[in-house]
Structures are given as C-alpha cells and as structure tokens.
Amino acid sequence: MKKVLIVGNFKSNKTEKESSEWFEKFSENYQQNFEKEVVICPSFTSLSSLSKLIEEKNLDIFLGAQDVSSFEEGPFTGEVSARQIKEFCKYSLVGHSERREKFSEDQAAINGKISNLIKAEIIPILCISEIEQLDRVGNLENCIIAYEPMHAIGTGEPLDPSLANDTLGKLRQKKSLGVLYGGSVDSKNISNYTSSFDGILVGTDSLDPLMFLQIINNA
Ligand code: PGA
C-alpha cells in the first residue's frame, strides 16, 4: 500500500444528522494530503448523506461500511448486501471482534462476506485479534488486514508498539493488500504504529471530528 490508510469506525454511534454535523466540522478543517487516504465508516443509515456531502465538497475522502451481508441479494430481511453498499463505499470492515464476540460471527460467515465484497469490487478490511484467525480465510490476498488485539480495543491501552511489530512481521508473511493496527489509537501514539504498519483503524477517537483530524495530521 502506498498511502497511509486512516480508517475511522463510528460503530453504533451517531444518527444521520449527527454524522452530517460531524462531517461539516471535519471538512472545514480537513486538508487534502496525497500521502494519506482517509476512510470513514459510519452506520449504514449515514452512508448516503455522507456520500453526498463528500461529493458536494469534492474531497478525497472515502466511505466504508462496518459490515455486510454474507448472503447475496434476496429474501434476507434486515441484511444489507455488498451491491447495496457499493453505491457508497470503497471499503468495508469484516469480522470486527465485536461482531465475532457479540454476534457469534464464524469463519464461514466471514468468508461469505469477503467473497461478496470482492465480487462487488469493495475492498474488505478484515479485522483479526489473533493471527490464527487468518488460517481459514479465503481470498486473503484481496483483503487489508486490521490487527486489533482484544485488550486494546476501547480501553485506552494500546498494544506496546514493539509487540505490535512482532506480530506485524508475521502478518507480512501472509499475502494481503496491507496491514493496519487498531486498538486505542490516539493522536499522541499514532506515529508509533504508522511508522511500521500501513495504516490504522480508530474507534473512540474518530467520534470527535477535531480529534480525528489531529490523528490524521500526526499519522
Ligand atoms: P478503539 O476501537 O480505537 O476505540 O480502541 C478500535 C476498533 O474497535 O476498531
């Protein structure tokens, strides 16, 4: 990956109106930077309005979904298919640890999601907390990996950068599009990770537009 990828994951936060307000504030202060690629992953309900705002302001910012259906289109009430998110998204998260843990998402479902995304030409950002979770992944070579140790997510206690780098070395041996670090990244610690990883995945500190801007500036 040539550019440093900075991905903000809003999780189940922000209404459509709040996401648009976030974006207004963010875009007032955002400066285009050709060495960094910024991706925002809001809820499905905010994808359409954020996509319009990005287009209106003609910014080099991309959208990602937080999840996608493991099924294709059809009688799957409540699911959102890869073709539906393709209208708005260049990327989609897959297999976030919150989904694996709280929604019992298994490898078969994750593989289905990855294959639907690739078919729709959306780049999967496959989240893992253990290297072993890559063992049965199909199509890994077309995914970006986001390495997020469980204990570092949302705790304010990121993984020690030297330990993160040990794992990065192992992840580099697998064929993928790139490797991100995630877990309690903030504007002060970000450069510890962007010096070796291809980018980062930020949850908590992406919720405030000015904090997210600071993260981008310091990446
Ligand atoms: P965090 O979340 O930045 O709040 O630790 C990261 C994530 O869950 O992707």
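Indexing begins at 1, ligand by ligand and atom by atom, following the structure's order. As a basis for the values below, the full set of heavy atoms in this structure was taken, side chains included, without hydrogen atoms, waters or symmetry mates.
Between R83 and E72 there is no salt bridge, since none of the side-chain N atoms of the basic residue sits less than 4.0 Å from a carboxylate O of the acidic one. Between E121 and K90, none of the side-chain N atoms (NZ, or NE/NH1/NH2) sits under 4.0 Å from a carboxylate O, so this pair counts as no salt bridge. Using a 4.0 Å cut-off between charged side-chain N and carboxylate O, K25 and E21 make no salt bridge.
The protein heavy atom nearest to atom 3 (O) of ligand 1 is G203 N, 2.8 Å. Of the protein's heavy atoms, E148 OE2, 3.1 Å lies nearest to atom 7 (C) of ligand 1. When hydrogens are left out, the protein atom nearest atom 4 (O) of ligand 1 is T204 OG1, 2.5 Å; that is the closest non-hydrogen contact.
Here the side chain of S43 pairs no donor or acceptor atom with the backbone of T45 at under 3.5 angstrom. Judged by distance alone, with hydrogens and angles left aside, the side-chain atoms of N111 form no donor-acceptor pair with the main-chain N or O of A108 at under 3.5 Å.
In this structure, C127 has no heavy atom closer than 4.0 Å to ligand 1.
Near G183, the atoms of ligand 1 lying under 4.0 angstrom from a non-hydrogen atom of the residue are 5 (O). Atoms of ligand 1 lying under 4.0 Å from any heavy atom of S184, numbered from 1 in the order shown and given with element: 1 (P), 3 (O), 5 (O). Numbered from 1 in the order shown, with element, the atoms of ligand 1 that lie under 4.0 Å from a heavy atom of N9 read 9 (O). With ligand atoms numbered from 1 in the order given, ligand 1 contributes 5 (O) to contacts under 4.0 Å with heavy atoms of A152. Using a 4.0 Å cut-off to heavy atoms of L201, the atoms of ligand 1 that qualify are 9 (O).
The salt bridge (Lys or Arg N to Asp or Glu O under 4.0 Å) test with D198 singles out one residue from K36, K3, R172, and that residue is R172.
Aromatic ring pairs are classed by plane angle as parallel below 30°, tilted from 30° to 60° and perpendicular above 60°; the pair W22 and F26 is parallel.
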side-chain hydrogen bond (donor to acceptor under 3.5 Å, both in side chains) between Y193 and N165, worked out: CA-CA 8 Å; Y193 302 99; N165 280 336; over 6 Å; no
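Here S97 has no heavy atoms under 4.0 Å from ligand 1, in either its backbone or its side chain.
Considering each of G154, P149, S206, the one bringing a non-hydrogen atom nearest atom 5 (O) of ligand 1 is G154.
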